[in-house]
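Given the structure is predicted, the values throughout are model-derived calculations rather than measurements.
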Amino acid sequence: MASRGMMIPELEKMSVEQLKAIKEQTDMEVNLLQDSLTNIRTATTRLDLASTALQDLSIRPEGKKMLVPLTASLYVPGTLDDAQKVLVDVGTGYFIEKTMEEGKNYCERKINLLKSNYDQLLEVASKKKNIADEAGLVLQAKLKQMAPAS
């Protein structure tokens with residue numbers, strides 16, 4: 001909030017056009033950051049589900065019949081062969097065979113990284129939103145000042 005008071009004098013020196021441009025730019029940046037935050041939440045949820053699935057898989061006996069997901073909506077029947085080895089999707093169609101414990105650790109590391117990125121983006125989005133709000137307030141004040149003069 002301390003930066004809030006410091007930003008207004010700089011904004012008051014700008015023209016109406018400059019204020020409009022800053023407001024539009026920061027609003028667009030805030031929207032992009034919000035989209036990124038949503039994507040991070042979605043990825044975190046998917047990794048949480050994967051971690052839970054690994055936990056569930058580790059307690060199933062070998063030879064257990066189950067449905068294997070090929071896509072988000074397509075499952076095929078299968079049999080659990082070795083519960084101690086899993087394939088981990090590391091992106092762009094690449095999979096790495098890992099032990100069950102390594103797979104769980106991978107999920108936890110990715111979840112922690114995403115949560116850290118989420119917190120950083122949230123802070124940036126909050127600052128950008130404050131700038132957009134301040135620019136909007138100064139813009140409204142300048143437009144009110146110009147209205148009686150016309």
Taking every non-hydrogen atom, the tightest pair across L11 and L19
O-CD2, 3.6 Å
Pair E24 + K20: basic N to acidic O under 4.0 Å
no
Without swapping roles, check the side chain of T44 against the backbone of I40 for a donor-acceptor pair under 3.5 Å.
yes
Quick one: do I111 and L121 end up in the same hydrophobic cluster if we chain Ile, Leu, Val, Met, Phe, Trp and Tyr together by side-chain heavy atoms under 4.5 Å apart?
yes
Salt-bridge present (K129, D133; N to O < 4.0 Å):
yes
So for atom CG, which belongs to D82, do other residues, nucleotides or ligands contribute more than 12 heavy atoms lying within a distance under 6.0 Å?
yes
Minimum-distance pair of heavy atoms, taken over all atoms of T99 and V86
O-CG2, 3.9 Å
If you look at every heavy atom in T26 and A132, which pair is closest and at what distance?
OG1-CB, 3.2 Å
Does a sphere of radius 6.0 Å around NZ in K98 hold more than 12 heavy atoms from other residues, nucleotides or ligands, not counting ones at 6.0 Å or beyond?
yes
If you take all heavy atoms of I22 and A135, which pair is closest and at what distance?
CG2-CB, 4.1 Å
Is the NZ atom of K142 crowded by more than 12 outside heavy atoms at less than 6.0 Å?
yes
Heavy-atom pair with the smallest gap, counting every atom of K85 and E97:
CD-OE2, 3.2 Å
